[in-house]
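Input: a single structure, listed below in C-alpha cells.
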Amino acid sequence: MRFTRTRKRASAAALAVVAMGVLGVGSATSAQAAEGSWYIRSGGCTALEKVELQSGHDHMAIDPTAAPNGCEFGIKNVNTGGWVYGPTTNPSQSPWEYDGPGITLQACLWGPFSAEVCGPAN
C-alpha cells in the first residue's frame, strides 16, 4: 500500500497524540497521577498541574501558563472538598503543597463563563 503525504502526516499526528498521553502531556484525565505534569484547560485559561517527589513524599503545585482576565486557579483536597491553595487569579505558580499519604490533591481552574476543570487526583 502506498502512503500519500497526507496519510503520513495523519499517522505521525496520531502517534504524537498517543505519545503525549503516555507521557502525561495534554488534557488531564480523572486517572490517578504520579510524578509529572499535566495540562488543564478551561475557557481560555491553561495551567500545569505539577507533582514532584520532595523529601520522600509527593507535593503538588499549579502553574498557570495562560491567564487572561477572569481565570481562577487552585488546589483542592479531594478528601475534604476544601481548598489548600486558592482559588486565586494570581498568574504565578502556587507554593508546593504536601500531597503525602492519606491526602489526595487535585489542581483546578476555571475561566470566565466556563466550568471548573481539574487535573488528575494524586
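In what follows, residues are counted from 1 in the order of the sequence shown.
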Transitively linked via ILVMFWY side-chain contacts under 4.5 Å: Ile62 with Tyr98? yes
So, Lys50 and Glu97, do they make that salt bridge, N to O below 4.0 Å? no
Show the nearest heavy-atom pair for residues [X] and [Y], with the distance to one decimal.
X      : Y     : answer
Gly102 : Asn79 : O-OD1, 3.7 Å
Met60  : Ile75 : O-CD1, 3.7 Å
Glu116 : Lys76 : OE2-NZ, 2.9 Å
Ser94  : Ala61 : OG-CA, 3.4 Å
Glu72  : Pro87 : OE1-CB, 3.9 Å
Pro112 : Cys71 : CD-N, 4.2 Å

Under a 4.5 Å cut-off applied to non-hydrogen side-chain atoms, are Pro120 and Gln106 in contact? no
Considering only heavy atoms from C-beta outward, does the side chain of Leu48 approach that of Trp38 to under 4.5 Å? no
Any residue meeting side-chain hydrogen bond (donor to acceptor under 3.5 Å, both in side chains) with Ser114, in chain and number order, not counting sequence neighbours: Ser42
Apply side chain to side chain contact (heavy atoms under 4.5 Å, CB included) to Asp58 and Leu53, showing your working. CA-CA 4 Å; Asp58 283 348; Leu53 191 62; 3.8 Å; yes
Could you tell me the separation between the [atom1] atom of [X] and the [atom2] atom of [Y], rounded to the nearest 0.5 Å?
X      : Y      : atom1 : atom2 : result
Leu109 : Thr46  : CG    : OG1   : 7.5 Å
His59  : Leu105 : NE2   : CG    : 10.0 Å
Arg41  : Thr65  : CZ    : OG1   : 7.5 Å

With sequence neighbours left out, which residue pairs that include part of residues 62-93 fulfil the ring pair (Phe, Tyr, Trp, His ring centres under 6.0 Å) condition? Trp83-Trp110
For Trp96, check ring pair (Phe, Tyr, Trp, His ring centres under 6.0 Å) against everything at least two apart and list the hits. none
